[in-house]
Amino acid sequence: MTLDAKIPSGPIEQKWDNHRFEMKLVSPANKRKFSVIVVGTGLAGASAAASLAELGYNVEVFCYNDSPRRAHSIAAQGGINAAKNYPNDGDSIRRLFYDTVKGGDYRAREANVYRLAQVSSAIIDQCVAQGVPFAREYGGYLDNRSFGGAQVSRTFYARGQTGQQLLLGAYSAMMRQVGLGMVRFHSRTEMLDIVVVDGACRGVVTRDLVTGKIESWAADAVILATGGYSNVFFLSTNAIACNVTAIYRAYKKGAFFANPCFTQIHPTCIPLSGTHQSKLTLMSESLRNDGRIWVPKAKGDKRPPNEIPEDERDYYLERMYPSYGNLAPRDISSRAAKRVCDEGRGVGPTGYGVYLDFAESIRRLGRAVIEERYGNLFEMYERITGENPYEVPMRIYPAAHYTMGGLWVDYNLMSTVPGLHVLGEANFSDHGANRLGASALMQGLADGYFIIPYTLSHYFATAKPAKVTTDHAEFRRAESEAHERIRKLLALKGKRTVADIHRELGSVMWEYCGMGRNEQGLKKALEIIPTLREEFWNNAIVVGSGDELNPALERAGRVADFLEFAELMCLDALHRNESCGGHFREEYQTEDGEAKRNDEEYAYVAAWEYAGEGKSPILHREPLEFETVKLQTRSYK
Amino acid sequence: MRLTLHIWRQKNAREKGRMVTYELDGVSEDMSFLEMLDMLNEKLMRNGEEPVAFDHDCREGICGACSLAVNGIPHGHEPLTTICQLHMRKFRDGDAIYIEPWRARAFPVIKDLVTDRSALDRIIAAGGYISVHTGGVPDANAILIGKEEAERAMDFAACIGCGACVAACKNSSAMLFVAAKIAQFAYLPQGQPERKRRALAMVAKMDEEGFGACSNLYECEAVCPKGISVSAIALMNRDFIRAKLTEVPQKTTAGGG
């Protein structure tokens, strides 16, 4: 099979416009004859569900939380990018496009990124119309701030709760359609599998998390908007339930998985405090606008920060990357933190932390200004650590945060399984090997509001899916597989809890497939993971039954998938003999420790095809062509 | 730390629940309250017992999933803090802690500490939105909103939909939740066209779902992890009365042409 990204022809500025004209439409009266399933209710899923229902399609929505508003998009703090150029500081569609391609270390598809930049402006308009209370200036105009990897201020924000406000906007739009009867909504329902009939995705099998009922749902198309898989590291900034199951199940049913090793480690998280820890908490990147990052110059300097004189501090980002300073992109900032800590200059009880210091900004701007900008983040920090960041510098350390990899999709956001569309973090499309801050919200909403409504209509109009009901044998088969799997999980009566095995998997992944990777380590991980999987299936404990609310069973199913998926991630990391963005292979670095890309051999998307139980997945390559942005070494110095 | 935990256990919505006591040793003060419960659950599972079910997800105080009444107070004793953000350093060694689900007629218990709060979603579906479809909206800067108004709207928009306000109220009133949404839109120009309809529809749905009335005790504000002010309720009442007095029966007419 050759991968066809279906990139429209013509100059990059006109591709999306031309494509929108060339795509087939479904007439208003015919739209109600089509149905679509949306799995996941974060920014991408909720915005897609709302927009498709507004058009007149029948939409069936599923989420595993008790309410769609709990989806993890809600936790995004900092902001959302758009090429509005309101501050008149030189921004444009082209610059946002350029920054994103460069930020992604030239491993994203140009045409997709350009389209993202093109629709970014409409997203802000849409959200404002919905009543999202973005920050304003006194004159009533929208305020902007800057984020990592950009030299313009293009980030719109709502205090430190931008994700929450955008999600509530999309959620409200979707709930309006629920009220109008256009969206049928199922909470506490987890997708366990997709169903493929005659080569096209025609539905899903779900489990009602309260009653345990396994059920089939048929539709003319399926959309997965199920987020990322950072929880493969056990500790990440993701919500506890975030998992790879939906997209991994789709992978096993024929959807290719693209660039699984491209994961983002966010530089500003609260450091680990002990083994009891269930998750890591992010401190918004926006803090880097006013906070200065430093460590002591001397190794093992244990003095309290305020006793370390100015000339004995190393503001290493400002020193190493003078033009971007503390706003260097995430991958670069994270690695720099790891490097200074590995040198023995880390701070805090574990030595894995660096200071994020606001003293100078407080002196310059006054405490009130800092409080207005970051008050809620400072409070959150104090609640978790018991330290007051107005008085002592914050301690931060990188943590797994976002996954650029995901299911492979073409320009229409359709996977290699016809009818199966993938939106938001769950797909691989726009961020290459590293995502810039405030771009995840932009991409989720772009996919849901402004791309899928067009491309899905085109799919319906051209594929003309035949009617299929849940009586079809493929649904029966998927259901019985789901039953069998639950039975197997419930039979696990070993000695180790699922969380304990998950924690071990996470530490293996963090050690060998985290911020720095090398051949030896990855090979080692590939030896350990199968033994952990064996340990899981022989020695895990899963209590309770399958016909009731059973969080232990839910978690076991998700961890079982992580235990398989982790191997794919390591394989991908091992095969990519270069460093790019968040994928840092220690063998491939420049003299001063920067990522060394290999464009001759690796300027492609690695899309993995499932080959069956116990067989190595098959690698397919989608070559990346850079017609608009010139391939060059990414420098932020 | 060593703790004595008294926890509400209830197998499902049909069976009766009861308080069960557990002793837990070795709790670190750096743990969050939910990590302490994780620790208990790990211990229970190792003994082949069923873990305590509780809702949680983001564990950073924003998703609104966590919903425990600790020592009788929704989200525990620390003001402006969800239970997932409450850390064990706020307790003392040897403490006895009582953990119960949200108690409200409109929030039936599903299992242990998990309740069904979908009534809140249905209230939003009844009118907690601005009727705008995707596309065809003006430029974001064409709608001017003063900084103060935007900030006020944001104060109310900060609601996380956890339902602590309902759980704290002796009448199980959802007024703070409903009013927060109404107030957010009332402070914004985009919210004006549907202002009356919204108040009528959301209040009607709130009543239909079995939430009680307000007795002005402000318990809701006291437990709200986001500090939503009860002034929202006054605003909602005003909007509701105004809408009720000026209500015009809706007529739908088929399109011309």
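Throughout, a chain's letter reflects where its sequence line sits, starting with A, and its residues are numbered from 1.
- The pair D38(B)-R59(B) counts as a salt bridge, with a side-chain nitrogen and a carboxylate oxygen less than 4.0 angstrom apart.
- Heavy atoms of H72(A) lying under 4.5 Å from chain B belong exclusively to its side chain.
- S67(A) and D121(B) share a side-chain donor-acceptor pair at under 3.5 Å.
- At a 4.5 Å heavy-atom cutoff, V27(B) makes no contact with chain A through either its backbone or its side chain.
- Looking at A158(B), both its backbone and its side chain come within 4.5 Å of chain A, counting heavy atoms on both sides.
- Inspection of the T82(B) and Q85(B) side chains reveals no N or O donor paired with an N or O acceptor under 3.5 Å.
- Ring geometry, Y187(B) versus F156(B): the interplanar angle falls under 30°, so the pair is classed parallel (tilted spans 30 to 60°).
- When each of D55(B), L44(B), N12(B) is checked for heavy-atom pairs under 4.5 Å with chain A, D55(B) comes out on top.
- Of all the listed residues (K90(B), K11(B), Q190(B)), the one sharing the greatest number of non-hydrogen pairs under 4.5 Å with chain A is Q190(B).
- With chain B as the partner, the residue from R188(A), K495(A), Q177(A), Q161(A) showing the most heavy-atom pairs under 4.5 Å is R188(A).
- Of the listed residues S172(A), G179(A), A122(A), the one with more heavy-atom pairs under 4.5 angstrom with chain B than any other is S172(A).
- Among V132(B), N141(B), I160(B), L144(B), the residue making the largest number of heavy-atom pairs under 4.5 Å with chain A is N141(B).
- No hydrogens or angles considered: nothing links the side chains of S187(A) and D66(A) as a donor-acceptor pair under 3.5 Å.
- Contacts between Q130(A) and chain B at a heavy-atom distance below 4.5 Å involve backbone atoms as well as side-chain atoms.
- For a residue to count as touching a neighbouring chain, one of its non-hydrogen atoms must lie under 4.5 Å from one of that chain's; by this rule D57(B) touches chain A with backbone and side chain alike.
- Neither the backbone nor the side chain of L34(B) comes within less than 4.5 Å of any heavy atom of chain A.
- With a threshold of 4.5 angstrom between heavy atoms, E149(B) does not approach chain A through any atom at all.
- No other option in N550(A), T385(A), V178(A) has as many heavy-atom pairs under 4.5 Å with chain B as T385(A).
- In terms of heavy-atom pairs under 4.5 Å with chain B, the best-connected choice from I384(A), I541(A), L549(A) is I384(A).
- Residue M39(B) does not touch chain A at all, counting heavy-atom pairs closer than 4.5 Å.
- With a threshold of 4.5 angstrom between heavy atoms, N65(A) approaches chain B through side-chain atoms but not through N, CA, C or O.
- T134(B) and S51(A) are linked by a side-chain donor-acceptor pair at a separation below 3.5 angstrom, with hydrogens and angles left out of the test.
- Heavy atoms closer than 4.5 Å to chain B are found in both the backbone and the side chain of S278(A).
- No part of E29(B) comes within reach of chain A, as not one of its non-hydrogen atoms sits under 4.5 angstrom from that chain.
- With a 4.5 angstrom heavy-atom cutoff, Q165(A) touches chain B only via side-chain atoms.
- Within a 6.0 Å radius of NE2 in H133(B), no more than 12 heavy atoms belonging to other residues, nucleotides or ligands are found.
- Ion pairing between a basic and an acidic side chain is recognised when a charged N comes within 4.0 Å of a carboxylate O; R159(A) and E151(B) show such pairing.
- Proximity of the aromatic rings of Y141(A) and F134(A) is defined here by a centroid distance below 6.0 angstrom, and this criterion is not met.
- If you measure heavy-atom distances from K84(A) to chain B, the contacts under 4.5 Å come from the side chain alone.
- For E554(A), no part sits under 4.5 Å from any heavy atom of chain B, backbone or side chain.
- Your options are D139(B), L188(B), V137(B), and the one with the most heavy-atom pairs under 4.5 Å with chain A is D139(B).
- K147(B) has no carboxylate O lying under 4.0 Å from a charged side-chain N of E137(A), or vice versa, which leaves the two without a salt bridge.
- Contact annotation for D155(B): both backbone and side-chain heavy atoms come within less than 4.5 Å of a heavy atom of chain A.
- Of the two parts of T115(B), only the backbone, made up of N, CA, C and O, holds a non-hydrogen atom closer than 4.5 Å to a non-hydrogen atom of chain A.
- For the pair R117(B) and F107(B), the cation-pi criterion (under 6.0 Å, within 45° of the ring axis) is not fulfilled.
- The pair D143(A)-R136(A) does not count as a salt bridge, with every side-chain nitrogen at least 4.0 angstrom from each carboxylate oxygen.
- Across R176(A), E54(A), M175(A), Q126(A), the residue that shares the most heavy-atom pairs under 4.5 angstrom with chain B is R176(A).
- Checked against the 6.0 Å centroid threshold, F33(B) and F91(B) count as a close aromatic pair.
- Judged purely by distance below 3.5 Å, without hydrogens or angles, the side chains of R373(A) and Y157(A) never pair a donor atom with an acceptor atom.
- Under a cutoff of 6.0 Å and an axis angle of 45°, K181(B) and F177(B) do not form a cation-pi pair.
- There is no contact between E379(A) and chain B, counting heavy-atom distances below 4.5 Å.
- Highest contact tally toward chain A, considering only G127(B), P189(B), G135(B), is held by G135(B) [criterion: heavy-atom pairs under 4.5 Å].
- At a 4.5 Å heavy-atom cutoff, the contact between R89(B) and chain A is made by side-chain atoms alone.
- R70(A) places a side-chain N or O within 3.5 Å of a backbone atom of G64(B) that can act as its donor or acceptor partner.
- In this structure, no portion of R496(A) lies under 4.5 Å from any heavy atom of chain B.
- When all heavy atoms of S284(A) and L377(A) are compared, the pair lying nearest together is CB-CD1, 3.7 Å.
- Contacts between A150(B) and chain A at a heavy-atom distance below 4.5 Å involve backbone atoms as well as side-chain atoms.
- Atom CD in E78(B) sits 6.5 Å away from atom CG in L86(B) (nearest 0.5 Å).
- For I143(B), the parts lying near chain A are the backbone and the side chain together; criterion is any non-hydrogen pair under 4.5 Å.
- The most heavy-atom pairs under 4.5 Å with chain A, out of D112(B), N41(B), V114(B), come from V114(B).
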